[in-house]
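Input: a single structure, listed below in C-alpha cells.
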Amino acid sequence: MSAKDAVFRFAPSPNGELHLGHAYSALVNHELARQTGGRFLLRHEDIDLARCTPAFERQVEDDLAFLGISWDEKPRRQSEHMADYAAALEALAAEELVYPAFMSRGEIRAFVDRYESEEGRSWPRDPDGAPLYPGLDRHATTKERERRMSEGERFAWRLDLERAIERVPALGWDEYGASPLGESGPIVARPLEWGDVVLGRMDVPTSYHLSVVVDDALQGITDVVRGRDLFYATSIHRLLQELLGFSPPRYHHHPLILGEDGRKLSKSARDTSLKSLRESGMTAEDIRRMVGLPGRPGGSLSEEILMSRGSSATG
Ligand code: GLU
C-alpha cells in the first residue's frame, strides 16, 4: 500500500468536553495523515443518544479547529448509519453467533454477589472491570427465546463467544504502539477475557464494539491510532472483523495523557477540558506543548510513530 492511501481517524463520543488526552490523539492522527499524504477523518460516535448532544458535537469540531485540525470528509455520525450496524448484526444472527440475553444489569450484579459470597472467590471481570456475563440464557431454546421476546421482556444481543471462537481459531494483530504493559509486535488476541459482549440493544441495533468495527471497515481506515486504554478491546474488534469478513487496519495504541494525580483524564474533569483551557487564554501551541508535542506540527514524536508504521508508510 502506498502512503497516500493511508486513512486515519479520530472518533470521539460527543457526550462531554474533549480533554488533553483527546487533543493528543487527534493531533497525532492528523499529523500522521498530513505527513504521509493520507487522509484524516472525523467520526462522531454518538450511538448513546441519551448522552450525546449536538452541542457537544459542535464543541468537538470547534476544539479541533482551534488546534489547527481539519478533516477531509463530512464527519460520519454513527446515529445516521444504524442500517449498516443492523445489517452486520443480522449477518451474525444468521450464523447464530448472537443470542438474546435477558439478564438485566441488576440481575447480573445479584448473580455475581451471590456467587462470590457462596463460593468465596471472585467472579471473572473483563479488562474494564465489569463482571463477565453469566450466560445462563446462552443455551435457551429458540422457542423459549421467542416466547420471552414476544412477551416484551427486555434483552440485549450478545456475542456467543465460544461459538465465535470456534470459527476463528488463531487470532491476533501486529501492535505498532504498545499495550499498558508494554507488549508490542505480534499480539495474540484474547477475546475470552471479555465474555459475551453486548453487540446490540432493543432500541439501538449496535454497541461500541460493533459500530467501531463496521465503521473502520466501511470508511477504509488503514491505521487505528488510539489510546492504550483501548488496547484490550482490540481482541474483540479483531474477532468481529474475522466474523464479518473485514480486513483489519494497523493498530497503534499510544500512551495516555495522565492528570497531575497520575490518573486517566475524564470528560467530567473540567480543569483539563480543552474548552476551559481555551477560556483561560491558552493557545493551540500551549496545548501542543502540554501534551508533549512540539509547538508546531512535524516534530519528533510523530516521526517516531511514522517510523513504527514500518516501510509501508514510506512507500
Ligand atoms: N469513541 C471511542 C472513545 O471515545 C473511541 C473509539 C476508538 O478510537 O476506537 O473512547
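Numbering starts at 1 and runs along the sequence shown. Bear in mind that the values here come from a model prediction, so they are computed numbers and not experimental data. Just follow the structure's listing: the first ligand is 1, and inside any ligand the first atom is 1.
- Within the 4.5 Å cutoff, no side-chain heavy atoms of Tyr115 are placed close to those of Ser122.
- Atoms of ligand 1 lying under 4.0 Å from at least one heavy atom of Val212, given by number and element, are 9 (O).
- At a heavy-atom distance under 4.0 Å, no atom of Val224 approaches ligand 1.
- Relative to the six-membered ring of Tyr133, Arg158 meets both conditions, a distance below 6.0 Å and an angle of at most 45° to the axis.
- Taking only nitrogen or oxygen atoms, main chain and side chain alike, Ala11 reaches within less than 3.5 Å of ligand 1.
- Distances below 4.0 Å separate heavy atoms of Tyr208 from the following atoms of ligand 1: 6 (C), 7 (C), 9 (O).
- Contact check on Arg226 versus Glu45 returns no salt bridge, with no Lys/Arg side-chain nitrogen under 4.0 Å from an Asp/Glu carboxylate oxygen.
- The distance between the ring centers of Trp194 and His209 falls below 6.0 angstrom.
- The protein non-hydrogen atom at the shortest distance from atom 10 (O) of ligand 1 is Leu230 CD1, 4.3 Å.
- Under a 3.5 Å cut-off, the side chain of Asp63 and the backbone N or O of Leu274 do not form any donor-acceptor pair.
- Taking a 4.0 Å cut-off on heavy atoms, Phe10 fails to register as neighbouring ligand 1.
- Closest to atom 4 (O) of ligand 1 among all protein heavy atoms lies Ser13 N, 3.6 Å.
- Cation-pi geometry between Arg43 and Phe10 is not met at under 6.0 angstrom from the ring centre and within 45 degrees of the axis.
- Between Arg9, His22, Glu45, it is Arg9 that holds the heavy atom closest to atom 7 (C) of ligand 1.
- The main-chain N or O of Val7 is found under 3.5 Å from a side-chain atom of Thr222 such that the two form a donor-acceptor pair.
- Interface atoms of ligand 1 facing Arg226, defined by a heavy-atom separation under 4.0 Å, are 7 (C), 8 (O), 9 (O).
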